[in-house]
Amino acid sequence: MNQHIDYIENTHEFADQKFTTQQVDELGKLLLASETPISDKKKSLGILAHLGDLQAYKYLKEYAENPDTELEEWAKLAYGECTLFLHGDICGDDECGFVFTGVGKNNNMLRIYYMVLPHEGQLFASWQHDIIRKEMSWVAADIKCEGIEWFDCQPHYVGFSLLQSLNVSISQFIDTSIAACNEFGNFVMPEYYAGTGTPPATEIIKIIDIVRYGEEESEPWENEQPY
């Protein structure tokens, strides 16, 4: 069976289930243990992906970096799904979860909004905007995404909409893209935003604040710009 279809059919039963912090730790440790049966790891991946919180995200990220060979696709999909659920909490939109219905001319893409930032105290220059557009577009083409639909290049952030393959994880695209940009001077923060809905202008400052400082430590975004 196609790994993507297998993942969808066998993980969505875990949506909306509640787990304690201790239970999440147990699931994460099972996932990372080499002796855990593949069937149990699949269950852990499905549950952690749908929790969409930072605790689950950390376990999924660690596993996605070194997955079992037969679960490489499951690991990418679970990590990407958890990432989008986590960012969905930021944008506050019920539609910000991971969407499995395809978009784009080939009907097998996700429309994902990304935002990248300059380092604190700095602004993007026009030549850096050019590098971001070039490198992000090149990486998208290289990993078989349908393409970047548009860029919103501002001094304090760059946002863009990508039609991304269902078989590509969030981190696979954006981490590679940021690293490619930073070959030209380390001017892009490694932290980023990703979500399935384009945030309204009123939310941009809030998102920048959260990406820079974390939700708990951020100052009231309505009154202060972090850049």
Please confirm whether the backbone N or O of [Y] pairs with a side-chain atom of [X], one donor and one acceptor, at under 3.5 Å?
X      : Y      : result
Lys41  : Ala33  : yes
Gln23  : Thr20  : yes
Gln164 : Val168 : yes
Tyr63  : Asp68  : yes

Are [X] and [Y] packed together at the side-chain level, in the sense that at least one heavy-atom pair is separated by less than 4.5 angstrom?
X      : Y      : value
Ile170 : Tyr79  : no
Val116 : Met189 : no
Phe187 : Pro118 : no
His129 : Trp127 : no
Leu117 : Arg212 : yes
Gln55  : Leu48  : no

- Message: Is there a continuous path of hydrophobic side-chain contacts, each under 4.5 Å between heavy atoms, that joins Ile148 to Phe124?
- Response: yes

- Message: Side-chain heavy atoms nearer than 4.5 Å, only ILVMFWY residues, links allowed to pass through others: does that put Leu60 and Leu30 together?
- Response: no

- Task: Applying side-chain contact (heavy atoms from CB on, under 4.5 Å), name anything that partners Ala141, two or more places apart in sequence or on another chain.
- Result: none

- Item | Step-by-step side chain to side chain donor-acceptor pair (under 3.5 Å) determination, Asp152 to Gln154 | CA-CA 6 Å; Asp152 175 22; Gln154 304 294 331; 2.8 Å; yes

- Message: Tell me which one of Phe151, Tyr193, Tyr192 satisfies ring-ring contact (aromatic ring centres under 6.0 Å, His included) with Phe160.
- Response: Phe151

- Centroid separation Tyr114 to Phe173 less than 6.0 Å: yes

Between [Y] and [X], is the closest basic N to carboxylate O distance under 4.0 Å?
X     : Y     : value
Lys29 : Glu26 : no
Lys43 : Asp40 : no
Glu62 : Lys58 : no

- Message: Rounded to the nearest 0.5 Å, what separates atom CG in Leu162 from atom OG in Ser137?
- Response: 9.0 Å

- Verify the neighbour count for atom CD of Gln22: are there more than 12 heavy atoms of other residues, nucleotides or ligands below 6.0 Å? no

- Message: Tyr213 vs Glu120, test: side chain to side chain donor-acceptor pair (under 3.5 Å). Steps then yes/no.
- Response: CA-CA 10 Å; Tyr213 309 116; Glu120 187 172 5; 3.0 Å; yes

